[in-house]
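Written below as structure tokens is the structure these notes are about.
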Amino acid sequence: MSMQRKIAVLGGGAWGTALAANSRRAGHDVSLFARNSDTVSEINEARKNSRYLGDVILPEGIAASADAGAVLDQADAVLAVIPAQSLGKALGELRQVIPTAAPVVLCAKGIEQSSGRLMSEVAHDALPEHQIAVLSGPSFAADVARGFPTAVTVAAGNENTAAQLARVLSGPAFRCYSSVDVKGVELGGAIKNVLAIAAGASTGRGFGASAQAALITRGFAELRRLAKTLGARMETIMGLSGLGDLMLTCSSPQSRNYSYGMALGRGEDLTGRPLAEGVATAPIASELCRKLSVKAPIIDATAALLDGRISIDEAVEALLRRPLKNED
């Protein structure tokens, strides 16, 4: 895989547009698929995606289109920036036009609600002949779109594929580390969204920085337990796609999940808020932990809070009443 390639980006939201901008700055031929015709026109004519990225000016040369076949034609790598809960259906519909030689890099984070599968498992079923990789790490779309320094992890089952993708996707201010621990990278990205909702709810309720720090730290212990049970590497969980992403997502209202949690903690109307993947991930993550006998009281409480089964005050009271034990 030489350094100058055709990169096809599936998804015209904030993250898809940001990754397209990064790939273009890295010198690649970049095509972006978006369903919304206004988004396509604005990217092509004004070099902006104001709906998702405000006044950020994109680099020249990103070719947006509502024709997925044209975007994917002769692509050397595909960045699938598709919401987790619709990934399987979308990839299945595009299977015939995704070049089989092009690695498909999954850039959304979550666990499929209907099956409990990680995104790589969903993608392997939809695209059994393709190489599947995942990209995750502490990164806000607006920062990447503006070209601010960012570091992430790209993982694939094949070490050479992961290393090649890391080289190709790295840009002037976007550093990719490679890994073969696909499961660890995915779990970090999925579970941190749930924990960010919990941290945001705590902040929104006004519980203070001490409570937030405790939630993040003990939530991270739950992520480590789940990851270990599923065979992920602990060094992955301690790295960019685990601890790094958790720190970022739980610390800023720029995070949709943290922002959603803050609104929840304040008792605001949540109707029509931007997509927060942690809302869909929380119940299936809680169910998965129960099936695997992994103790996850914060994940469980977040799922119950989102379902309306308990209030945030009841959730905190239940957590504080848990039996005392050694820290693990």
Side-chain angles (χ1 to χ4, degrees), residues 13-15 52 54 83-85 108-111 113 136 138-143 187-226 242-290 294-323 327:
W15 191 219
Y52 294 103
Q85 303 310 319
K109 304 167 183 179
I111 301 173
Q113 244 187 346
S136 189
S139 49
F140 285 142
D143 291 349
L187 284 170
I191 300 303
K192 63 91 183 178
N193 285 337
V194 179
L195 301 177
I197 292 175
S202 174
T203 300
R205 184 64 180 84
F207 285 145
S210 299
Q212 182 178 355
L215 273 173
I216 295 170
T217 305
R218 295 309 303 158
F220 184 57
E222 296 179 15
L223 167 57
R224 292 200 315 269
R225 287 196 289 267
L226 177 59
L243 180 60
D245 207 359
L246 180 66
M247 290 172 60
L248 180 70
T249 309
C250 292
S251 64
S252 171
Q254 277 187 265
S255 160
R256 290 192 299 267
N257 291 282
Y258 184 76
S259 177
Y260 191 98
M262 287 181 67
L264 186 64
R266 291 170 179 159
E268 297 175 4
D269 182 6
L270 301 173
T271 305
R273 290 192 66 86
L275 173 69
E277 278 289 1
V279 176
T281 302
I284 191 62
S286 177
E287 181 181 337
L288 182 62
C289 288
R290 283 196 299 272
V294 173
K295 293 181 180 178
I298 294 173
I299 293 174
D300 292 341
T302 305
L305 180 63
L306 290 167
D307 286 347
R309 287 179 277 133
I310 58 172
S311 68
I312 186 169
D313 290 340
E314 290 169 338
V316 170
E317 182 180 0
L319 289 170
L320 292 175
R321 284 186 175 180
R322 285 175 52 78
E327 186 176 19

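Here the structure is a predicted model, which means the values were calculated and not measured. Hydrogens, waters and symmetry mates play no part in the numbers below; they use all other heavy atoms, side chains included.
Counting all heavy atoms, side chain and backbone alike, Leu248 lies closest to Ser139 at CD2-N, 3.2 Å. Closest of all the heavy-atom pairs between Ala84 and Gly110 is CB-CA, 4.0 Å. Between Asn257 and Gly278, the shortest heavy-atom distance links the atoms OD1-N, 2.8 Å. The minimum heavy-atom distance linking Ser251 with Gln212 is given by the pair CA-NE2, 4.5 Å. Closest approach of Ala315 and Ala301 over heavy atoms only: CB-CB, 4.2 Å.
Side-chain N or O atoms of Arg225 include none that pairs as donor or acceptor with a backbone N or O of Ala296 at under 3.5 Å. Between the Gln113 side chain and the Ala280 main chain, a donor and an acceptor come within less than 3.5 Å of each other. Gln85 places a side-chain N or O within 3.5 Å of a backbone atom of Ile111 that can act as its donor or acceptor partner.
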What donor-acceptor contacts under 3.5 angstrom involve side-chain atoms of residues 262-270, with partners at least two apart or in another chain?
unit_1	atom_1	unit_2	atom_2	d
Asp269	OD1	Thr271	N	3.0
Asp269	OD1	Thr271	OG1	2.8

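A 4.5 Å side-chain heavy-atom check between Ile298 and Thr302 finds at least one atom pair inside the cut-off. Residues Ser136 and Lys109 are in side-chain contact: their nearest non-hydrogen atoms beyond the backbone lie under 4.5 Å apart. In this structure, the side chains of Phe207 and Ile312 come closer than 4.5 Å at one or more pairs of heavy atoms. Within the 4.5 Å cutoff, the side chain of Arg224 has heavy atoms near those of the Phe220 side chain. Between Ile191 and Leu246, every side-chain heavy-atom pair lies at or beyond the 4.5 Å cut-off. Residues Tyr260 and Ser255 fail the side-chain proximity criterion, which asks for heavy atoms closer than 4.5 Å.
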Applying side-chain contact (heavy atoms from CB on, under 4.5 Å) to Glu327 and Arg218, what does each step give before you reach the verdict? CA-CA 9 Å; Glu327 186 176 19; Arg218 295 309 303 158; 3.4 Å; yes

For side-chain contact (heavy atoms from CB on, under 4.5 Å), just list the numbers for Val279 and Ile197, CA-CA rounded to whole Å, side-chain angles, deciding distance to a tenth of an Å, and then say yes or no. CA-CA 8 Å; Val279 176; Ile197 292 175; 4.0 Å; yes

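For residues 280-290, the set of pairs meeting the side-chain hydrogen bond (donor to acceptor under 3.5 Å, both in side chains) definition, not counting sequence neighbours, comprises Ser286-Arg290, Ser286-Asp300, Glu287-Lys291. Applying the salt bridge (charged side-chain N to carboxylate O under 4.0 Å, His left out) rule to pairs touching residues 187-203 yields Lys192-Asp245, sequence neighbours excluded. Annotation: salt bridge (charged side-chain N to carboxylate O under 4.0 Å, His left out) contacts involving residues 194-213, sequence neighbours excluded, comprise Arg205-Asp313. Sorted by first and then second residue, the salt bridge (charged side-chain N to carboxylate O under 4.0 Å, His left out) pairs with a member in residues 273-285 form an empty list; sequence neighbours excluded.
From Ile299, atom CD1 reaches atom CG of Leu223 across 7.5 Å, with rounding to the nearest 0.5 Å. Rounding to the nearest 0.5 angstrom, the gap separating the CG atom in Leu215 from the OG atom in Ser202 is 5.0 Å.
For Gln254, there are no side chain to side chain donor-acceptor pair (under 3.5 Å) partners, not counting sequence neighbours.
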